[in-house]
Amino acid sequence: MKLTGDDIADADGLLSSGRRKSSSAVKVTITPAQPRTLSHLPKRPPVDIAFSDLTYAVSEGRKKNGKTILKSVSGRLRSGELTAIMGPSGAGKSTLLNILTGYRTTGIQGSITINGHERNLSQFRKLSCYIMQDNQLHSNLTVEEAMQVATALKLGSDVSKSEKEELIQEILETLGLAEHVKTMTSNLSGGQKKRLSIALELVNNPPIMFFDEPTSGLDSSSCFQCISLLKSLSRGGRTIICTIHQPSARLFEMFDHLYTLAEGQCVYQGSTQQLVPFLGKLGLACPSYHNPASFIIEVSCGEYGDNIRKLVTAIRNGKNDIRTGTSFPALEALNNTTAPSNNVKLTNAQNGNNIVSFNNDANDKDVAADKKGNGIMLASFKSNEKENGINGDASQVVIPVDLSSNEKSDNVAASLLDSGIVDTKRRYPVSEWKQFWVVLKRTLLFSRRDWTLMYLRLFAHILVGFLIGALYYNIGNDGAKVLSNLGFLFFNMLFLMYTSMTITILSFPLEMPVLLKESFNRWYSLRSYYLAITVSDLPFQTIFCVIYVTIVYFMTSQPPELERFAMFLSACLLIAFVAQSVGLVVGAAMNVQNGVFLAPVMSVPFLLFSGFFVSFDAIPIYLRWITYLSYIRYGFEGTALATYSFARKNLKCSQIYCHFKDPKTTLEELDMLDKDFRIDIVALVLIFIVLRVSAFVFLRWKLRAAH
Ligand SMILES: Nc1ncnc2c1ncn2[C@@H]1O[C@H](COP(=O)(O)OP(=O)(O)OP(=O)(O)O)[C@@H](O)[C@H]1O
């Protein structure tokens, strides 16, 4: 990977002005390289997150709120820092991360603030991204295609195509993926997949990035590269937060800030360097040559006695670091700024960026502003060292202010909007129509490359078509073989139903994790996605169905009339679409294992009440309602009417006596004499619509439940 620690840090233009590198910065140099400029990344504000008294409980058994997972935890996570959330297994790391990302939103007490203002989840989601443990990449795309989709969805139309291409190039080069542009994502190594996941989210330059176990499944060298990359991202002014299981000493040193949980409580928060002295002060001396990360985990697990309460109390009393507690005078002073006062000392205004750098002493309450009096103000200040008990650990904060109005900016989102950085009116960077189009093109590309979905399916339709054609060869116009012909009509329904349904049940749930990630990270709306996948498979389903029906219709010698063929085909097509919709409902509501078993089982009543096994008048009245729900009934009836109704002439008779020589006799036997073909078509269309809407509702429910 060609990457220097400052690659992204210095150059991405994110927070280029007024930022001071932390004095404790670890300079990461993997291979020497010229600092490069990610000139095409959109400008974003740096963001600090603070949370106070967060409590999260879940119900256990019949007890509501029976288990408290997080117990009044507080903390502050800063821009420009790489923060690790650590703790023993079950300590609540993932729970905290899910709450901070906004992935979990219910059952939470306490407050979360962004740059000192209450978090507006909708705005926050536009500023942040969550990179989950399993990467969740589409396997049938190349690295380049995946990046093109990300830029098309995440960058507005104000960014030209060539700028997008340059941005992709820049990001891939910086992240060491430039040599793999044509590689399928499924063929990337674990570390490369992780880097691609980051590259995809980096496209719109989110100032806050959350990572769940970014190093899981990686070897030590890839772990180092991965954390180096996160470090570089943080050096660019981003707030980088990740959960991590016991990193090696080498990795641990690379983190700026550590937040440690034990039994749902915070046992340490502060700089990584201060961990050992802090523990030492409490009589917990880290043995020589011992990894501090392992030591704090061992302490949290109770290996050195019951120290959790002692640690929690020490942290709450604020002995370790400026971040302890919710009150930090310098920061409070700045957050409460109302207007520039007389004692403003403007030290370094950079009006081009609306960014100001200044030194701030908390007691003096210095405030700075850009000369235009608007936009985001970026401050680099030195904390009051004596008051906060630390030495020379300067920090950086961003304070959104609208100094022109002489009023305190009480909503970070409003300020971001004022500065033109976040457009609060628009939920997504591109229109839903554009989202639909991009997702549709992507889905069509997958389909073309998916062997099972395309070629096997095509092959199955042709093979079964010829097999059925041979089995029922030339029976369609023979009065002696009407019962066999009805068997043929019913088999058509069965074949079209199962092939369309099972392929969707098998493939759709596999899309769910990607959908979950992309919709959470605001790539597109569920509506656009759903419409795209709904539309994308219809052409293929239509082609397969037309091929199959054409083969069997003519091989079995059904009436050679265009109208009848069209009617027959339309009933078959609708059955395939409806069955595919059943597959979508099942796929949206359950996983593959359950779906593969339950969908065929649930279809049995519809098959039984289709009118093939028992004619309608023979079905007991109290069960007859099922026939109205049976889409197979409408399909079977439709094809039977297309074949035997509409004044069809008498069939030929290959034997001495043919009971079903007159087509009316067949319809009478099936209790279909007075049935209307149009009603069957309308019923199938209605069922199709209801099922598609239901699948959408299930999906929305599932996404909400997952969040
Ligand atoms: N919905 C839930 N119902 C019941 N218990 C839950 C629920 N979610 C989490 N927990 C419990 O809360 C505790 C913390 O879970 P969490 O996944 O946050 O831990 P973790 O620190 O991330 O653990 P690990 O490192 O093993 O992933 C665990 O004991 C877990 O069993």
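This is a predicted model, so every value here is computed, not measured. Numbering of ligands and ligand atoms starts at 1, following listing order.
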| query | Is the centre of the Phe51 ring less than 6.0 Å from the centre of the Tyr259 ring? | reply | yes

| Straight-line distance of Gln274 CD to His257 NE2, nearest 0.5 Å | 10.0 Å

| field | Residue pair Gln435 / Tyr529, side-chain donor-acceptor N/O under 3.5 Å | value | no

| said: Is Ala91 close enough to touch ligand 1? Criterion: a residue heavy atom under 4.0 Å from a ligand atom. | reply: yes

| query | Taking the side chain from Thr185 and the backbone from His138, do they hold a donor-acceptor pair closer than 3.5 Å? | reply | yes

| Based purely on interatomic distance, does Ser59 place a nitrogen or oxygen under 3.5 Å from a nitrogen or oxygen of ligand 1? | no

| remark: If you scan protein heavy atoms around atom 14 (C) of ligand 1, the nearest is Gly90 O, 3.4 Å

| Taking distance alone, with no angle check, do Gly92 and ligand 1 share an N/O pair under 3.5 Å? | yes

| field | Between CD on residue Glu518 and CG on residue Leu515, distance to nearest 0.5 Å | value | 7.5 Å

| Is Ile69 close to ligand 1, meaning an N/O of one under 3.5 Å from an N/O of the other? | no

| said: Check contact between Pro88 and ligand 1, using heavy atoms of the residue and a distance below 4.0 angstrom. | reply: yes

| note | Going by the 4.0 angstrom heavy-atom rule, the piece of Thr95 near ligand 1 is both

| query | Is Glu145 paired with Arg442 through a side-chain N to carboxylate O contact shorter than 4.0 Å? | reply | no

| Can you tell me which residue and heavy atom of the protein come closest to atom 1 (N) of ligand 1, and the distance to 0.1 Å? | Val58 CG1, 3.9 Å

| query | What protein heavy atom sits nearest atom 27 (O) of ligand 1, and how far away is it? | reply | Ser94 OG, 4.0 Å

| said: Against the six-membered ring of Phe696, is Arg527 placed for a cation-pi contact (under 6.0 Å from the centre, within 45° of the normal)? | reply: no

| task | Note the single closest protein heavy atom to atom 5 (N) of ligand 1, along with its residue, its atom name and the distance in Å. | result | Lys67 NZ, 3.5 Å

| said: Considering Ser89, Ala262, Gly107, Ser216 one by one, which has a heavy atom nearer to atom 26 (O) of ligand 1 than any of the others? | reply: Ser89

| field | Asp219 and Ser222 side chains, donor-acceptor separation under 3.5 Å | value | yes

